[in-house]
Amino acid sequence: MANAASGMAVHDDCKLKFLDLKAKRTFRFIVYKIEDKQVIVDKLGEPDKSYEDFAASLPADECRYAIYDFDFVTEENCQKSKIFFIAWSPDTAKVRMKMIYASSKDRFKRELDGIQVELQATDPTEMGLDVFKSRTT
């Protein structure tokens, strides 16, 4: 199923791993990359992995899509989680790569039903824990 705008396909494994994260909480995070005109799973973070592990899994000079299952406690002291979609597009990435990721993002996001918050980040400060916390209310 190629996207007419960008010609990008989405590998079935992308959706299956996302469903595992969403329904079974099998993973803390999933990092996706575009390779050979399709979106594929790049890295999987086990449930015991930290935010720091997630941030370290994103390359400094290449774009990625990522899903992060963020746990937090509400003001009422309730344990909750939100599924974040992160469009990682560092300033140091090649322009062509940034364009491909930008043009394919919405199509890819539609494949992942259950995303609650979207972040766009060009450097680590734009997706810090403080940003995640501020987007949970």
- Query: Can you tell me how far the CG atom of L44 sits from the CG atom of D13, to the nearest 0.5 Å?
  - Reply: 7.5 Å
- At their closest point, which heavy atom of S81 faces which heavy atom of R25, and how far apart are they? CB-NH2, 3.5 Å
- May I have the step-by-step check of side-chain contact (heavy atoms from CB on, under 4.5 Å) for H11 and C14, ending in yes or no? CA-CA 6 Å; H11 194 280; C14 294; 4.2 Å; yes
- Task: If the plane angle is over 60° it's perpendicular, under 30° parallel, otherwise tilted; pick one for F108 and F85.
- Result: tilted
- Query: When rounded to the nearest 0.5 angstrom, what is the spacing between CG in D123 and CD in E126?
  - Reply: 4.5 Å
- Message: In the structure I gave you, are the side-chain heavy atoms of L129 and F70 within less than 4.5 Å of one another anywhere?
- Response: yes
- Task: Grab the two heavy atoms, one from C63 and one from S89, that are nearest each other, plus how far apart they are.
- Result: SG-OG, 3.6 Å
- Task: Could you tell me the separation between the CG atom of L16 and the CG atom of L21, rounded to the nearest 0.5 Å?
- Result: 13.0 Å
- With the side chain counted from C-beta on, respond yes when V131 and M127 share a heavy-atom pair under 4.5 Å apart, and no when they do not. no
- Query: Is there side-chain contact between F54 and I86, with heavy atoms separated by less than 4.5 Å?
  - Reply: yes
- Message: Do P90 and E62 make a side-chain contact, defined as non-hydrogen atoms from C-beta onward lying under 4.5 Å apart?
- Response: no
- Task: Measure the spacing between CG of D61 and OG1 of T92 and express it to the nearest 0.5 Å.
- Result: 5.0 Å
- Query: Salt bridge check: are E118 and K109 linked by an N-O gap of less than 4.0 Å?
  - Reply: yes
- In plain terms, say whether R28 and D71 are close enough for a salt bridge, that is, a side-chain N and a carboxylate O under 4.0 Å apart. yes
- Message: Using side-chain contact (heavy atoms from CB on, under 4.5 Å), reason through Q79 and T74 one step at a time and then give a plain yes or no.
- Response: CA-CA 7 Å; Q79 184 71 37; T74 66; over 6 Å; no
- Item | Nearest atoms (heavy-atom pairs only) where L112 meets K15 | CD2-CA, 4.2 Å
- Query: Does K33 reach the side chain of V41, with side-chain heavy atoms less than 4.5 Å apart?
  - Reply: no
- Take Y101 and K105, measure what side-chain contact (heavy atoms from CB on, under 4.5 Å) needs, and give me the verdict at the end. CA-CA 6 Å; Y101 275 79; K105 181 185 72 161; over 6 Å; no
- Ring centroid separation for Y68 and F84, is it under 6.0 angstrom? no
- Query: Does one hydrophobic cluster hold both M97 and L58, with members joined at side-chain heavy-atom distances below 4.5 Å?
  - Reply: no
- Side-chain contact test, heavy atoms from C-beta onward, threshold under 4.5 Å: evaluate it for Q38 versus I40 and give yes or no. yes
- Query: So which heavy atom on K82 is nearest to which on R135, and how close?
  - Reply: NZ-O, 4.1 Å
- Only one of F132, F72, F29 passes ring-ring contact (aromatic ring centres under 6.0 Å, His included) with Y51; say which it is. F132
- Task: For side-chain contact (heavy atoms from CB on, under 4.5 Å), just list the numbers for S104 and I34, CA-CA rounded to whole Å, side-chain angles, deciding distance to a tenth of an Å, and then say yes or no.
- Result: CA-CA 9 Å; S104 306; I34 295 175; 4.2 Å; yes
- Item | Atom CG of D130 with >12 non-hydrogen neighbours under 6.0 angstrom | yes
- Message: Under 6.0 Å between ring centres: does that hold for F18 and F27?
- Response: no
- Message: Please find the pair of heavy atoms, one from S57 and one from V31, that lie closest to each other, and give the distance.
- Response: OG-CG2, 3.4 Å
- Output field: ring centroids Y32/Y65 closer than 6.0 Å: no
- Task: For residues I67 and I83, determine if any side-chain heavy atom of one lies less than 4.5 Å from a side-chain heavy atom of the other.
- Result: yes
- Heavy-atom side-chain contact between R96 and M99 under 4.5 Å: no
- Identify the two heavy atoms, one from M8 and one from I100, that lie closest to each other, and give their separation to 0.1 Å. CE-CG2, 3.7 Å
- Task: Starting at CG of D69, measure out to NZ of K22 and round the result to the nearest 0.5 Å.
- Result: 11.5 Å
